[in-house]
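What follows is a set of notes on a single structure, which appears directly below.
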2 protein chains.
Amino acid sequence: MTSPKRTERVTLKDVARVAGVSDISVSRVMRRAPNISDGLRDKVIQAANDLGYTPNRLAGALKTANSNLVAVVVPSMSNEVFPEVLDGIDSVLSANGLSAVLGISKYDPDREVEAVRELLAWSPMGLILTGLNASAAVTRMVEAQGIPVVQIMDTDGTAIQSAVGISHSAAGAAAADFLLDRGYGAPGYVGAWGERPARSRIRREAFAARLAERGAPLQGYKILPGQSSAPLGAEALASLLSEHPGLDSVFFANDDLAVGALFHCMANGIRVPQDLALLGFNGIAIGSATPTKLTSISTQRFRMGVEAAKLLIDNDPDSPKTVDLGFSFTDGASV
Amino acid sequence: MTSPKRTERVTLKDVARVAGVSDISVSRVMRRAPNISDGLRDKVIQAANDLGYTPNRLAGALKTANSNLVAVVVPSMSNEVFPEVLDGIDSVLSANGLSAVLGISKYDPDREVEAVRELLAWSPMGLILTGLNASAAVTRMVEAQGIPVVQIMDTDGTAIQSAVGISHSAAGAAAADFLLDRGYGAPGYVGAWGERPARSRIRREAFAARLAERGAPLQGYKILPGQSSAPLGAEALASLLSEHPGLDSVFFANDDLAVGALFHCMANGIRVPQDLALLGFNGIAIGSATPTKLTSISTQRFRMGVEAAKLLIDNDPDSPKTVDLGFSFTDGASV
DNA sequence: TTTTTGTTTGGTAACGTTGTCATCTGAAAG
DNA sequence: CTTTCAGATGACAACGTTACCAAACAAAAA
């Protein structure tokens with residue numbers, strides 16, 4: 001029984017010695033470089049397996065100045081959206097031998113800068129950021145590093161290089177049209193998180209602007225400080241209705257809030273959509289299971305991650321791209 | 001306007017040259033080593049800022065054989081549970097200058113092995129795995145690397161070193177007691193994902209065993225192949241009830257399924273809990289906003305991540321720990 | 001046969017950092 | 001006025017890889 005103490009790392013040299021070849025040949029076999037004879041390859045693989053050799057990527061990445069890491073910074077994990085995007089990112093990265101290093105900014109620009117600084121120190125081959133409102137410090141750092149950057153979620157604004165997302169202003173305007181076209185004339189709005197995800201503010205403003213444009217201005221809105229959740233949505237709607245009893249429809253910053261609001265209506269005898277229409281945002285699964293199916297604006301989050309990772313991988317520095325994945329209305333019964 | 005081309009990396013040497021000191025002094029200042037005069041520190045910091053210097057962790061980690069990375073392997077992101085755990089992990093890691101490198105196994109043991117191999121190549125200072133059922137290959141690799149390992153979610157079984165989680169067999173048994181103690185005598189069970197997360201199978205088996213022990217055996221169960229979601233829960237319950245109309249209570253593998261089932265009941269005139277009691281698992285936010293509050297077994301997922309990261313950081317290789325965070329019943333109205 | 005060409009292998013020198021061992025101050029102790 | 005010692009700083013050699021160039025060899029062309 002061997003001691004479970006610090007095992008000396010098995011290196012290329014060890015494998016080379018055992019296989020009776022040069023270091024560099026081992027390196028080439030491990031990297032599947034071309035022009036390797038079968039004999040050499042077999043000897044090396046045999047020796048590597050015998051010794052339990054694992055390449056040290058730290059050394060390889062240092063030498064080639066090209067780690068197979070991708071830095072990903074998202075604002076939060078306690079929100080269905082980002083895990084789904086991450087899932088999409090990882091599905092592409094892992095298929096290409098890349099790994100994601102994660103940073104969570106908690107919607108705090110300073111933390112984002114810190115996270116980016118921290119992650120860039122690993123010489124990632126690319127960076128995925130959330131939102132287009134990157135601080136100047138972040139922009140400077142990534143430009144100094146000279147790596148591809150893809151910003152996700154948002155296409156309203158100027159990207160550092162490339163972006164994959166949707167136009168939140170278009171979504172807000174579309175929500176307004178959707179409600180007005182269906183005859184609602186007294187719309188309200190509910191948000192959360194103090195609108196720290198700037199994207200929800202953009203939607204609200206575009207929603208309000210389009211409503212005003214069409215002569216049916218926003219009657220009232222409520223933005224609570226807490227994190228989005230169904231209970232918070234119920235609370236927000238109750239509070240909004242007490243201040244604005246005349247509302248006939250409400251647009252929500254996300255489906256969590258909208259579902260909670262739907263529950264509030266069910267519990268309080270408010271008929272949906274006859275007395276009040278509810279329009280969500282994001283199109284998460286639960287909305288399609290509620291007794292009254294939630295009408296929502298659905299977005300493609302997994303795909304957003306996939307496209308972002310792809311853009312990073314076959315990056316063409318000379319032609320940054322902005323990919324708008326669009327959105328669509330789910331056929332619910334709450335509007 | 002400088003060309004956005006490949007910028008040469010700014011290294012310690014550059015900073016040292018500009019500051020007029022030795023390389024190693026710059027290194028020491030950057031690492032906040034002791035015994036540095038204020039004069040030296042100021043010169044170095046000034047130069048580093050002027051040049052926009054960022055340390056290269058690849059080189060540092062290679063030299064010290066100690067990266068500040070923690071490898072985290074989870075089975076999925078499309079499940080509220082793991083993002084929350086990750087959030088907890090990251091909160092501790094980021095406070096300690098560590099970063100998480102992520103691997104997603106998709107509940108596939110082969111992918112898990114691959115992810116671990118991939119991540120270990122970065123010489124992480126620790127590894128967080130999901131579940132206690134790590135394959136022999138994984139165990140061998142981490143032992144060869146000699147780094148601390150913490151396994152999360154589960155405490156029923158043998159950990160490689162340390163574990164943080166709950167006892168799913170205890171939870172299953174407690175669910176049985178909970179229902180029986182409240183007078184229900186004909187319980188059923190609903191699961192999903194083909195029970196690939198082994199933990200849900202353990203809960204079901206313990207649930208069934210305790211029921212049998214107390215003379216009220218499990219009447220029937222339904223485990224659908226698809227991923228857990230509210231719509232799937234509704235579907236599963238409908239199907240279960242058609243096969244076993246006499247059920248008076250159902251225990252669910254998770255709250256997503258249970259909430260969907262609750263909706264199914266509401267839409268079909270099944271009174272909860274008079275006609276049918278529903279007991280969930282996980283205690284996610286939405287369950288406390290439904291018109292009939294969902295009764296559930298709540299677990300501490302964020303804290304699980306926190307404790308796992310802490311265990312990794314102040315690791316004592318000689319005394320691995322198993323931390324059982326326990327569970328509790330939420331005071332819902334569905335049982 | 002000789003020359004050309006291409007395939008296969010090896011030697012050497014980095015990549016950017018830090019551990020280890022000097023060296024050099026200057027002040028306290030003798 | 002030495003000796004001692006702690007506090008600062010520096011020189012050098014790694015860490016484990018891979019890029020680059022050179023060399024050996026074999027096969028094809030002349």
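In what follows, chains are A, B, ... by sequence order, proteins preceding strands, each numbered from 1.
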| said: Can you work out whether A:Thr11 or B:Ser25 has the more 5'-proximal nearest nucleotide on DNA chain D? | reply: B:Ser25
| message | With salt bridge (charged side-chain N to carboxylate O under 4.0 Å, His left out) as the rule and sequence neighbours excluded, what pairs involving residues 35-56 of chain B come up? | response | B:Asp38-B:Arg41
| All side-chain hydrogen bond (donor to acceptor under 3.5 Å, both in side chains) counterparts of A:Asp324, not counting sequence neighbours | none
| Residues in salt bridge (Lys or Arg N to Asp or Glu O under 4.0 Å) contact with B:Glu80, at least two apart in sequence or another chain | none
| task | Going by the side-chain contact (heavy atoms from CB on, under 4.5 Å) test, name the single residue among B:Ile104, B:Val116, B:Leu102 that passes it with B:Val73. | result | B:Val116
| Quick one: ring pair (Phe, Tyr, Trp, His ring centres under 6.0 Å) pairs with a partner in residues 67-107 of chain A, sequence neighbours left out? | A:Tyr107-A:Trp193
| request: Using the test salt bridge (Lys or Arg N to Asp or Glu O under 4.0 Å), find all partners of B:Arg111 that sit at least two apart in sequence or belong to another chain. | output: none
| task | Round to a whole Å and report the spacing from CG of B:Asn56 to P of D:dT17. | result | 17 Å
| task | List for me each residue that meets side-chain hydrogen bond (donor to acceptor under 3.5 Å, both in side chains) alongside A:Ser319, sequence neighbours excluded, and say none if there are none. | result | A:Asp316
| query | For residues 32-46 of chain B, which residues have at least one heavy atom under 4.0 Å from DNA chain D? | reply | B:Asn35, B:Ile36, B:Ser37, B:Leu40
| query | Can you check whether A:Leu98's main-chain N or O pairs, donor with acceptor, with A:Asn96's side chain at less than 3.5 Å? | reply | no
| said: Output one letter per nucleotide in nucleotides 18-26 of chain D: B when a protein non-hydrogen atom lies under 4.0 Å from the base, S when only the sugar-phosphate is that close, - when neither is. | reply: BB-------
| Quick one: side-chain hydrogen bond (donor to acceptor under 3.5 Å, both in side chains) pairs with a partner in residues 51-60 of chain B, sequence neighbours left out? | A:Glu118-B:Arg57
| Between the two end axes of the helix from C:dT1-D:dA30 to C:dG30-D:dC1, each built from 5 base pairs, what angle do you get to the nearest 10°? | 40°
| Can you check whether A:Pro320's main-chain N or O pairs, donor with acceptor, with A:Gln161's side chain at less than 3.5 Å? | no
| task | Could you tell me from which nucleotide to which nucleotide of DNA chain C, 5' to 3', there is an atom under 4.0 Å from chain A heavy atoms? | result | C:dT8 to C:dG16
| Pair listing, salt bridge (charged side-chain N to carboxylate O under 4.0 Å, His left out) test, anchored in residues 81-97 of chain A, at least two apart | A:Glu84-A:Arg301
| task | Take the protein atom CZ of B:Arg17 and the nucleotide atom P of D:dG10, then report the distance between them rounded to whole Å. | result | 15 Å
| message | Is it the case that the side chain of B:Gln145 and the backbone of B:Leu120 share a donor-acceptor pair, with hydrogens and angles ignored and the cut-off at 3.5 Å? | response | yes
